[in-house]
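These notes are about the structure you will find just below.
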There are 2 protein chains.
Amino acid sequence: MKKTDIETQNLTKHCNEDLILAVLQDGDKHGYQLALEIEEKSGHYFRFNHGTLYPILHKLEKDGKIKGSWLKDDSKRKRKQYSLTAKGRKYLERQVAAWKEFFDRFIGIMEEIE
Amino acid sequence: MKKTDIETQNLTKHCNEDLILAVLQDGDKHGYQLALEIEEKSGHYFRFNHGTLYPILHKLEKDGKIKGSWLKDDSKRKRKQYSLTAKGRKYLERQVAAWKEFFDRFIGIMEEIE
DNA sequence: CGTATTATATAGATGGTCGATATATAGAGA
DNA sequence: TCTCTATATATCGACCATCTATATAATACG
C-alpha cells in the first residue's frame with residue numbers, strides 16, 4: 001500500500017489536494033477562485049468549505065507543490081495568487097495515473113470481475 | 001454534495017465499507033477472511049489492519065447492511081460469519097453507481113476535459 | 001510444549017475535516 | 001450614506017475515523 005501516494009487511508013485528503021493542483025494547471029488562481037472553479041466544473045459535485053481550503057493551500061505550499069504570492073494591485077482587495085510548481089506538476093501527473101489504478105482495482109472488486 | 005452517499009468527505013470510510021460489502025456478494029465470510037480476500041483480489045493493493053476492520057464490521061451490522069452470527073462448529077475456533085442483507089445489497093448497488101459518478105467527475109477535472 | 005497463525009476486540013494517540021467565528025474590502029441597493 | 005451581501009483569507013475547537021499497540025484465546029505445526 002505504499003506503492004503510490006494514494007492509500008486506502010487519507011483518500012479524501014489526496015482527493016482535495018489533487019483537485020486543487022489540477023485546477024491550477026490552466027493558470028494561476030487564488031484560493032477563493034479555486035474553490036468556485038472546482039464547484040462549477042464538477043456541476044456542484046465537489047465543494048470546499050473554506051475551513052478546509054486554506055489549510056490545504058498552506059500545506060501544498062509548504063510541500064513545494066504550489067507557490068503563493070500576494071497581489072498588491074492597489075485597486076484589488078488582498079489576494080494570494082497560487083501557481084503550480086514544476087514539482088507540483090510532476091506530482092499531479094503521477095497522481096492521475098495512481099487514481100486510475102486505484103479506481104480500476106476498486107471497481108474490479110466492487111463488480112466482482114475475476 | 002448530499003446527492004449520494006459518497007462525499008468529498010469520508011471517502012476512505014465509504015471505500016472501506018463498500019469493499020467489505022462487495023466481497024460479501026459471493027458468499028458469507030468472517031472478518032479475518034474478508035480482509036485476506038480483499039488483499040488478495042486487489043493484488044495487495046488494498047489492505048485492512050484489524051484495528052480498522054472490526055469496528056467497521058460492527059458499524060455495518062448496526063446499520064443493518066450485514067448480519068453476523070457466531071459459528072459454534074465445536075471443531076472450529078470462534079468466528080463471526082457475516083452475510084449481506086437485502087438492505088446491504090441495495091445499498092451496494094447504489095454505491096457502485098455513485099463511485100462511478102464520483103470518478104467521472106474527478107478525472108474530468110484532473111485531466112482538464114472541458 | 002512452545003511458537004506462529006488464525007480470529008476477534010478494544011484503547012489511546014494522532015490527524016484531518018467541519019462548522020463557527022473573525023477580519024476586511026468592494027459593490028449593490030435603499 | 002448606510003447597510004447588506006459577496007469577495008477573500010484565516011484560525012480555532014469539536015468531532016470522528018484511522019493507526020498502532022495491546023489483549024485474549026484457540027489451533028496447527030514442528
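Numbers restart at 1 for each chain; the letters A, B, ... are given by sequence-line order, proteins then strands. Please read all numbers here as calculations on a predicted model, not as lab measurements.
Put simply, CG on A:Leu34 is 15 Å from P on D:dT7, counting in whole angstrom units. Whole-Å rounding puts the B:Phe48 CZ to D:dT20 C1' distance at 17 Å. Look at NZ on A:Lys78: it is 6 Å from P on D:dA10, rounded to the nearest Å. Rounded to a whole Å, the CZ atom of A:Arg79 is 17 Å from the C1' atom of D:dA10. At whole-Å resolution of the value, CG in A:Leu36 and P in D:dA6 are 12 Å apart. What separates CD of B:Gln81 from P of C:dA7 is a distance of 10 Å, to the nearest Å. The OH atom of A:Tyr54 sits 16 Å away from the P atom of D:dC12 (whole-angstrom rounding). In this structure, the NZ atom of A:Lys29 is 14 Å from the P atom of D:dA8, given to the nearest Å.
Closest contact between the side chain of A:Tyr82 and the listed nucleotides D:dT22, D:dA10, D:dT18 involves D:dA10.
Once rounded to the nearest 0.5 Å, the distance linking CZ of B:Phe48 with CD1 of B:Ile56 reads 5.5 Å.
A sub-4.0 Å separation between OP1 or OP2 of D:dT7 and a side-chain N or O of A:Tyr32 is present. Between D:dT9 and A:Lys80, no contact under 4.0 Å exists linking OP1 or OP2 to a side-chain N or O. For B:Asn49, a side-chain nitrogen or oxygen approaches OP1 or OP2 of D:dT20 to under 4.0 Å.
Residues A:Leu24 and A:Lys29 are in side-chain contact: their nearest non-hydrogen atoms beyond the backbone lie under 4.5 Å apart.
Comparing B:Thr52 and A:Leu53 by the nucleotide of DNA chain D whose heavy atom lies nearest to each, the residue mapping closer to the 5' end is A:Leu53.
Applying the salt bridge (charged side-chain N to carboxylate O under 4.0 Å, His left out) rule to B:Lys59 yields the partners B:Glu17, B:Asp63; only residues at least two apart in sequence or on another chain are considered.
The ring of B:Phe46 has its center closer than 6.0 angstrom to the ring center of A:Phe102.
Comment: B:Glu93 does not engage B:Arg89 in a salt bridge, judged by the lack of any side-chain N to carboxylate O separation of less than 4.0 angstrom. Look at B:Lys67 and B:Glu61 and you find no salt bridge, because none of the NZ, NE, NH1 or NH2 atoms lies under 4.0 Å from a carboxylate O.
Using a 4.0 Å heavy-atom distance criterion, A:Gly31 is classed as a sugar-phosphate-only contact. Note on A:His30: only backbone sugar-phosphate atoms sit closer than 4.0 angstrom, heavy atoms only; bases stay farther off.
DNA chain C is contacted by B:His58 of residues 56-64 of chain B, taking any non-hydrogen atom closer than 4.0 Å. Against DNA chain C, the stretch residues 16-25 of chain A makes heavy-atom approaches under 4.0 Å through A:Asn16.
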query: Going through the distances and angles, do A:Glu111 and B:Lys100 end up as a salt bridge (charged side-chain N to carboxylate O under 4.0 Å, His left out)?
result: CA-CA 11 Å; A:Glu111 294 195 325; B:Lys100 284 181 180 173; 2.7 Å; yes
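Closest approach of B:Ile38 to A:Ile109, counting heavy atoms only: O-CD1, 3.9 Å.
For the residue pair B:Gln33 and B:His30, a side-chain donor N or O sits within less than 3.5 Å of a side-chain acceptor on the partner. For the residue pair A:Asp28 and A:Gln81, no side-chain donor N or O sits within less than 3.5 Å of a side-chain acceptor on the partner.
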